[in-house]
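Have a look at the structure below, then the notes.
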2 protein chains.
Amino acid sequence: MDPMAQSVPQRPRVGRPPRISREEVLAAARRVVEEGGVGSLTMRRLAAEVGSTPMALYHHVKDKEELLLLLLDDYAAGLARPALPEDPRERLVTAALAMHDALAGCAWVVEVLVADDLMSDAGLWYAENIVDAAVACGLTPERAVHAYRSIWYYTAGEIIIRAAGRRRAADDRPTHRERVFADLDEETLPRLASIGGRWATLTAQDTYRQGLEALVEGLLP
Amino acid sequence: MDPMAQSVPQRPRVGRPPRISREEVLAAARRVVEEGGVGSLTMRRLAAEVGSTPMALYHHVKDKEELLLLLLDDYAAGLARPALPEDPRERLVTAALAMHDALAGCAWVVEVLVADDLMSDAGLWYAENIVDAAVACGLTPERAVHAYRSIWYYTAGEIIIRAAGRRRAADDRPTHRERVFADLDEETLPRLASIGGRWATLTAQDTYRQGLEALVEGLLP
DNA sequence: CCGGTTTTTTATACATGTATAAAAATTAGC
DNA sequence: GCTAATTTTTATACATGTATAAAAAACCGG
């Protein structure tokens with residue numbers, strides 16, 4: 001019982017020895033997602049992949065949500081961290097853009113975002129840089145955190161809403177929206193009516209950066 | 001076959017007569033949600049409520065997602081529409097706040113947001129007023145739509161992320177986050193480390209309005 | 001070697017959304 | 001009235017996440 005003994009590799013010498021490990025499960029999950037997309041990642045498929053049974057997985061991850069979170073973690077860990085400009089304001093914007101790009105590059109990220117919020121390990125790098133840049137811009141630490149939070153809401157919202165839009169576009173049922181926008185009441189909704197068909201085009205445009213810069217503009221003193 | 005006949009009540013005189021209607025299904029869904037929360041709304045339970053079978057529902061709503069969207073619609077239709085200030089900028093902020101409050105008042109709204117985006121009927125009132133106010137503030141219609149869009153991302157993001165946070169707080173497993181924030185590396189993440197325990201407090205605060213005003217500040221000329 | 005303890009794995013079961021196909025109930029044409 | 005067409009309802013089935021409880025496989029003290 002030497003307290004200075006290596007604490008991690010000190011395996012528990014009791015109980016039935018595990019046939020699979022969390023790492024194996026994660027590695028298998030990566031494989032499955034890589035080749036079949038996140039839609040093909042089911043607990044049963046994953047169990048088959050590691051040569052075990054579905055319920056055995058639950059001894060290594062709490063549930064599927066945690067599994068996805070862990071996948072996202074190591075996706076984020078593998079990302080290049082761009083060099084950030086000196087100027088604090090530019091640094092802030094650049095870091096936020098990098099965060100956004102990271103999320104946008106991972107199609108299934110939405111499923112995790114609605115469940116948890118990326119404040120784990122790899123994701124912290126973005127938070128660190130954004131908060132730090134905000135402080136460098138003259139905000140108090142408290143307001144810098146609030147600023148980060150606002151940027152996070154905006155960013156996560158953009159990712160999620162746009163993903164929803166893409167999903168909607170995928171199955172090509174003529175959307176409720178199109179019908180609604182087709183016959184807008186000019187009396188009660190004159191502005192939208194005057195925009196009419198351009199709405200789809202306009203909202204399809206990528207204005208993340210524009211909005212981000214506006215937000216930053218308003219947040220900084 | 002008079003083409004000028006009432007087009008809507010002209011019921012189709014052919015085929016097996018329906019035993020349930022979309023309106024009945026919706027009314028039943030409202031009852032179920034009202035008394036048991038959205039979690040208790042299952043297709044089977046709903047079928048039982050209308051005295052039918054699960055699959056019969058699918059002739060009146062496309063799927064559960066559409067059902068929720070319809071529920072949200074008439075929730076929104078029932079909301080009071082606040083009087084808006086004259087000053088366009090205040091009007092913009094007030095309308096956005098009203099939109100946010102509307103969403104925040106509906107706990108299960110998140111499930112719909114991630115699937116579709118509230119651009120249906122009742123939700124349009126907010127869009128109309130926000131876009132119109134933005135134009136009144138001097139934006140072109142195009143930029144006004146973009147501005148609305150940014151506000152929408154920010155708002156939806158706030159609602160979704162905060163809901164996730166609340167859900168996480170509900171089941172009291174000591175979150176990954178707490179553990180992560182407990183031992184931050186002061187070398188690589190000095191700023192977050194210096195904030196440390198205050199992070200939870202700070203991010204728990206409601207800063208929606210603050211962020212909104214910053215965003216509006218930056219969006220308007 | 002044996003019974004107890006601990007850990008991991010397995011088996012079984014359930015609730016859910018919904019696909020598919022059959023059945024039922026009506027009208028239209030003859 | 002009979003057959004075909006049309007619409008709605010029902011029955012059955014499947015994949016999914018995961019709860020629960022039993023089983024298996026290793027350790028320990030005797």
Side-chain angles (χ1 to χ4, degrees), chain A residues 1 9-26 28-29 32-33 36-71 108 111-112 114-116 167 170-171 173, chain B residues 1 5 8-26 28-29 32-33 36-71 108 111-112 114-116 167 170-171 173:
Chain A
M1 294 304 184
Q10 193 76 295
R11 64 180 176 198
R13 319 184 57 79
V14 76
R16 176 175 177 167
R19 304 172 65 125
I20 59 179
S21 68
R22 184 172 172 124
E23 282 65 34
E24 272 179 88
V25 171
L26 279 175
V32 171
V33 167
V38 76
S40 74
L41 181 66
T42 69
M43 299 307 270
R44 283 171 176 82
R45 168 106 174 62
L46 185 55
E49 188 82 14
V50 299
S52 184
T53 62
M55 293 312 293
L57 303 175
Y58 287 83
H59 264 257
H60 303 275
V61 299
K62 177 187 169 344
D63 51 21
K64 197 182 179 184
E65 187 178 307
E66 177 175 291
L67 181 68
L68 288 175
L69 197 61
L70 291 168
L71 280 183
W108 46 275
E111 331 231 358
V112 184
V114 302
D116 213 304
R167 193 143 34 93
D171 46 48
R173 44 173 168 166
Chain B
M1 295 308 183
V8 170
Q10 194 76 296
R11 60 178 178 201
R13 316 183 60 80
V14 76
R16 174 172 179 169
R19 304 171 65 122
I20 58 178
S21 69
R22 184 172 170 125
E23 281 66 34
E24 273 179 89
V25 170
L26 279 175
V32 172
V33 168
V38 75
S40 74
L41 181 66
T42 71
M43 300 307 269
R44 283 170 177 83
R45 169 106 173 66
L46 184 55
E49 187 84 11
V50 298
S52 184
T53 61
M55 291 314 291
L57 303 174
Y58 286 83
H59 261 82
H60 304 274
V61 299
K62 177 188 170 344
D63 53 18
K64 197 181 179 185
E65 187 178 307
E66 177 175 291
L67 181 68
L68 288 174
L69 198 61
L70 292 169
L71 279 183
W108 45 275
E111 331 229 0
V112 184
V114 302
D116 211 306
R167 194 142 35 91
D171 45 48
R173 44 174 169 166

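D:dA15 atom P lies 15 Å from atom NZ of A:K64, rounded to whole Å. Rounded to an integer number of Å, the gap from CD of A:E66 to P of D:dG17 is 15 Å. In this structure, B:L68 places its CG atom 12 Å from C1' of C:dG17, rounding to the nearest Å. Between the CD1 atom of B:I20 and the C1' atom of D:dT10 there is a distance of 11 Å, given to the nearest Å. Following rounding to the nearest Å, A:R22 (CZ) and C:dT7 (P) show an atom-to-atom distance of 17 Å.
Annotation: the span from B:L69 atom CG to B:K64 atom NZ amounts to 14.0 Å, rounded to 0.5 Å. One distance of note links OG of B:S52 with NE2 of B:H59; it measures 11.5 Å at 0.5 Å rounding. With values rounded to the nearest 0.5 angstrom, B:T53 atom OG1 is found 9.5 Å from B:R19 atom CZ. The CH2 atom of A:W108 lies 9.0 Å from the CG atom of A:L41; values are rounded to the nearest 0.5 Å. Distance check, rounded to the nearest 0.5 Å: CD of A:E23 to CG of A:L70 gives 9.5 Å. Between the CD atom of A:E65 and the CZ atom of B:R167 there is a distance of 6.5 Å, given to the nearest 0.5 Å.
Under the 4.0 Å criterion applied to side-chain N and carboxylate O atoms, B:E66 and B:R22 are assigned as salt-bridge partners.
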Quick one, A:V32 with A:T42, criterion side chain to side chain contact (heavy atoms under 4.5 Å, CB included). Give me CA distance, side-chain angles, the key distance, then yes/no. CA-CA 9 Å; A:V32 171; A:T42 69; over 6 Å; no

Show your working on side chain to side chain contact (heavy atoms under 4.5 Å, CB included) between A:L67 and A:L46 and close with a plain yes or no. CA-CA 11 Å; A:L67 181 68; A:L46 185 55; 3.6 Å; yes

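Here the side chain of B:D63 is nearest to one of C:dT9, C:dT18, D:dA11, namely C:dT18.
The shortest distance between the side-chain N/O atoms of A:H59 and the OP1/OP2 oxygens of C:dT10 is not below 4.0 Å.
Heavy-atom distances under 4.0 Å link DNA chain D to B:R44 of residues 40-48 of chain B, given in residue order.
Comparing A:T53 and B:G39, the nucleotide of DNA chain C nearest to each residue sits closer to the 5' end for A:T53.
Side-chain contact between A:V112 and A:L71 is absent, with no heavy-atom pair separated by less than 4.5 Å.
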Where along nucleotides 19-30 of chain C does protein come under 4.0 Å, by heavy atom, of base (B) or sugar-phosphate alone (S), with - for untouched nucleotides? BB---BBBS---

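Contact record, B:R45 with B:S40: CG-O, 3.7 Å, taken as the closest heavy-atom pair.
Rounded to 10°, the angle separating the first-five-pair axis and the last-five-pair axis of the helix from C:dC1-D:dG30 to C:dC30-D:dG1 equals 30°.
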